[in-house]
Structures are given as C-alpha cells and as structure tokens.
Amino acid sequence: MTIEELYRDLHAHPELSFEETRTAGIAAAELRAAGFDVIEGIGITGVAGVLRNGAGPTVLLRADMDALPVTEDTGLTYASTATGVMHACGHDVHVACLIGAVRELAATQAEWAGTVIAVFQPAEEAGGGAQAMLDAGLYEKVPVPDVVLGQHVGPAPAGMVGAHPGVAFASADSIDITVRGRGGHGSRPETTIDPIVIAAAVVGRLQTIVSREISPQDTSVVTVGRISAGTKNNIIPDDAELGLSMRAYSEDVRLRMIAAIKRIVNAESAASGAPEPLFEFAESFPVTVNDQLATERTMTAFRSEFGDEAVIDPGPVSGSEDVGLLATAVGAPLVYWILGGADPEKYLAAANAGTIERDIPSNHSSHFAPVIQPTLDRGVAALVTACREWLRS
Ligand code: ZN
Ligand code: ZN
C-alpha cells in the first residue's frame, strides 16, 4: 500500500482514545516489515519499534493515533465509516507520515548510523496516552533517546513546516467541581444552603483570576464550559456542578491559577456556610516546551532541505499536547513542529480576503480535511530530515 492509500484507509477507520487496536495493528505490521523490533500493548494500545543500525545517537519519532467523537461532515470519498468518530485532529496524517518515515529510514540504512525508535502513541486527545506508555515502562522496553521528535498537522498551508523554540503549546487542565449545599423547598430558602447561588458567585469571581491575579504579560484562560444543578423550579438542590478548563504558558502561572480556583470556590462555599466543595482533576496536559538549541538545529535542517520560504515560526499555540512527557521523563530535548495541511490556494485566497478563521477549518472541526498532497510527502520528509540531522551519517 502506498502512503496515500494507507492514509485514506486510516482516515476511513478512526478509533477513539485507548481503542486504537486496528491502527496499532497496522503500525506494528509496518514496523515488522521494515525490520524494526516491535513491542505492542505499551499503555493499552501503544506500539514502539526499534531499529538498531550501529553505534550512534538514538532518535525517537512519535505519532499519536487516536480520533475524536465528532461526526464527519467533509464529504470526502474516504470519510469516516465509524459512526460519530472522526480523525478531526489529523492523527491519521501523523501515523501515515511516521510509517512513511519508517519505510524510508529502513531503506537507507547504509547512509546513517544509530538507533531509531518509532512510537505510535494512544490517547493524546484524552490526555493520558503518553503517561500510560511511560507508566507501562516504555523506557525499559526501548533505549532512552537523545532527542524526541514529532509533528502536528494544522491549518497552515500544506508544504509548510515550522516549530516555535521554547514554550510551544499551552498547558491545559480540566477540573470538575461540585459545590455542595443543602437542598429543600424553594419557598423556604432559610432552611437550605443554596448551591446555585454559590455556583453563580463562583462563576463571576473566577473571571478575576485572569483579569486581576495573572500578569497581563502572561496569557492564560479560565473557562466554565459546563454548569448544571437542579431538577425543578421549586426545589433547591443539594449541589451544583461546574466544569472548568484552563490554559497557561508556564508551570508557574498554571499552579497559581489552580490555587486561585481552589481558594475562590472554597471561600464562596464558606461564605454561605456550605460544606467543603469537591475538586476532581480530569484531563491534564503540561506546558510543551521545545528545546531552544535542538529546535534551531532542526529548523536549520528544514530550511536547507525545503527552502527558507517553507519554514515558519508558528509562535506559541494555544492548543495542548502530551508529547513533551516522552522527553521530560528522560531529560531529552523535544522538537515538535507544525505541519501545514490546508490547501495552499484556498489558504492564500482566504488570507487575502481576511477570512482564514471562517474558511479554513481548524483541528477538531467536522470539516477538517487536510489535502493529501503535499501534506503527506512533506510530513514524511520532515520526519526523515529531522531524524537524519541527529543520526550519524
Ligand atoms: Zn486534537
Ligand atoms: Zn491532535
């Protein structure tokens, strides 16, 4: 199967986080065919392949495999065949490109020396995939890398690549809060502690974290994306639930925000004489930091291979990633770059009209549809170029 055929097949068969068994099977078969030693089932569905080719540096290439609970609306001939599941974040591009790189690196072993590790990671979207592979002993099963490399496709023009040195992706935390009160009849509020009033005060007061507690120099977001309480107009419920998401670009700011959220919710509960609220920390992504020197070295390799005009600095991205854990777990530098996937002509037309936000579907959209070429060829070449930059030639 060509990489394009492989991509269409992956796109048509998306799988949710930690359920990527078909995708993992394809990855493992490809790795074996290319002569890699293969370890399967690392962190439920994770796969790692190791190709030892003499003395030299060890390079880890990572692709995430999972899809999203989105109903595809692209109209593509190779659209999802799984109801309500779609590769809306382009992880199928990542898998196809890494398989392409695996094939090419295996076929050109006379030209390089060292060890290549290809990691197919589960559950990036749910936030637990990289950690699950580490917890399952990834670095007892494969050698510790000298550098961790990877890419994410996005709504930049296809053919473009580029990484931002330093903080590249925001941290993201999802916090579920239960404000507890004491329920009763709506006509007798004096017998109750109304959790809806507490929740309302919390929502208002949370807005002061970004506006009053965090420096204007530090970008951050707190969003209450979910609030629910009550069953009937004349019943004061026992509790109220708030679903928060927050993002930050430094660990220091992230910790200050979490502390502020707890303080505000606790204090608003205490102000009403309510029982202590409950906090549940769900999805959590750390800040993704690209190593300065390693990123500059890799971008220099990209510029000489693809030309200056094809290499961009996307700046810090407000999305989040767990790829950094694979690097920080062993103190290795990370280089994680953006791979353009948007139709270059459509992108240019939208840029000229000032309608990029409206006309170029972003990741997680039901219309997200990277053009197959030059996206795949550039994605394979970027992985191979970056990898070869670190291997001994
Ligand atoms: Zn995503
Ligand atoms: Zn993604």
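- The CD atom of Glu125 sits 7.0 Å away from the CZ atom of Phe285 when rounded to the nearest 0.5 Å.
- At least one donor-acceptor pair under 3.5 Å links the side chain of Glu20 to the backbone N or O of Phe18.
- Every residue two or more places apart in sequence or in another chain was checked for a salt bridge (Lys or Arg N to Asp or Glu O under 4.0 Å) with Asp135, and none qualifies.
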Next item on the list: Could you go through the salt bridge (charged side-chain N to carboxylate O under 4.0 Å, His left out) check for Glu251 and Arg256 one step at a time?
Entry: CA-CA 9 Å; Glu251 185 63 12; Arg256 275 196 284 149; over 6 Å; no
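- Under a 3.5 Å cut-off, the side chain of Ser215 and the backbone N or O of Gln217 do form a donor-acceptor pair.
- Residues Val47 and Val38 form a side-chain contact, since some pair of their non-hydrogen atoms from C-beta on lies under 4.5 Å apart.
- Listed for the His11 side chain is no donor-acceptor partner under 3.5 Å among the backbone atoms of Tyr7.
- For the pair Asp238 (side chain) and Gly183 (backbone), a donor-acceptor distance under 3.5 Å is present.
- Here the NZ-CZ distance, from Lys262 to Phe279, works out to 7.0 Å after rounding to the nearest 0.5 Å.
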Checklist line | Full working for side-chain hydrogen bond (donor to acceptor under 3.5 Å, both in side chains) between His367 and Glu72 | finding: CA-CA 7 Å; His367 299 281; Glu72 180 158 355; over 6 Å; no
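- A distance-only check finds no donor-acceptor pair linking the side chain of Ser272 to the backbone of Ser269 [under 3.5 Å].
- Residues Arg52 and Thr58 have side chains that never bring a donor and an acceptor to within less than 3.5 angstrom of each other.
- Looking only at atom types and distance, the side chain of Ser17 has a donor-acceptor partner in the side chain of Asp66 under 3.5 Å away.
- At a threshold of 4.0 Å, the pair Arg226-Glu241 counts as salt-bridged, since one of the basic side-chain nitrogens sits closer than that to a carboxylate oxygen.
- Judged by distance alone, the side chain of Ser80 and the main-chain N or O of Ala82 form a donor-acceptor pair under 3.5 Å.
- Looking only at distances, a side-chain donor or acceptor of His94 sits under 3.5 Å from a matching main-chain atom of Val153.
- Among Glu283, Met257, Arg254, the one residue that satisfies the side chain to side chain contact (heavy atoms under 4.5 Å, CB included) test with Asp173 is Arg254.
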Next item on the list: Apply the test side-chain hydrogen bond (donor to acceptor under 3.5 Å, both in side chains) to residues Arg247 and Ser171: give CA-CA distance (whole Å), side-chain angles for both, the deciding distance (0.1 Å), then the verdict.
Entry: CA-CA 5 Å; Arg247 289 175 198 259; Ser171 71; over 6 Å; no
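- Here the two rings, on His91 and His152, have centers that are under 6.0 Å apart.
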Next item on the list: Begin with the C-alpha distance, continue with both residues' side-chain angles, and end with the deciding distance and a verdict on salt bridge (charged side-chain N to carboxylate O under 4.0 Å, His left out) for Arg297 and Glu389.
Entry: CA-CA 8 Å; Arg297 180 174 167 185; Glu389 171 64 26; 2.8 Å; yes
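- For Ser365 (side chain) and Pro361 (main-chain N/O), no donor-acceptor pair under 3.5 Å exists by modelled atom type.
- Atoms CG and CD1, on Asp343 and Ile360 in that order, are 7.5 Å from each other to the nearest 0.5 Å.
- Ion pairing of Arg62 with Asp64 is present here, as a side-chain N (NZ or NE/NH1/NH2) and a carboxylate O approach within less than 4.0 Å.
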Checklist line | Gln121 vs Asp322, side-chain hydrogen bond (donor to acceptor under 3.5 Å, both in side chains): CA-CA, chis, key distance, verdict | finding: CA-CA 10 Å; Gln121 183 206 300; Asp322 67 355; 3.1 Å; yes
Next item on the list: Report the C-alpha separation of Arg22 and Glu15 in whole Å, then their side-chain angles, then the decisive distance to 0.1 Å, and conclude whether the salt bridge (charged side-chain N to carboxylate O under 4.0 Å, His left out) test is met.
Entry: CA-CA 8 Å; Arg22 183 181 186 276; Glu15 298 169 300; over 6 Å; no
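- To the nearest 0.5 Å, atom OG1 of residue Thr385 and atom CD of residue Glu305 are 4.0 Å apart.
- Enclosure of atom CD in Glu296 by more than 12 non-hydrogen atoms of other residues, nucleotides or ligands within 6.0 angstrom is indicated.
- If you take CG on Leu105 and CG on Leu383, they are separated by 8.5 Å, rounding to the nearest 0.5 Å.
- Residue Glu276 qualifies as open at atom CD: its count of foreign heavy atoms under 6.0 Å is 12 or below.
- For Glu280, the CD atom sits in a loose shell: 12 or fewer heavy atoms of surrounding residues, nucleotides or ligands are nearer than 6.0 Å.
- Between the Gln131 side chain and the Gly128 main chain, no donor and acceptor come within less than 3.5 Å of each other.
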Note to self: Checking Glu190 against Arg188 for the salt bridge (charged side-chain N to carboxylate O under 4.0 Å, His left out) test, could you report, in this order, the C-alpha distance in whole Å, the side-chain angles of both residues, the deciding distance, and whether it holds?
What the structure shows: CA-CA 5 Å; Glu190 78 279 15; Arg188 297 194 62 207; 3.3 Å; yes
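- We find the CG-CG distance between Leu334 and Asn290 to be 5.0 Å, quoted to the nearest 0.5 Å.
- In summary, the side chains of Asp359 and Thr355 do present a donor paired with an acceptor at a separation below 3.5 Å, with no hydrogens or angles considered.
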Note to self: If you apply the rule ring pair (Phe, Tyr, Trp, His ring centres under 6.0 Å), what do you find for Tyr336 with Phe169, and how did you get there?
What the structure shows: CA-CA 10 Å; Tyr336 195 68; Phe169 288 77; 5.6 Å; yes
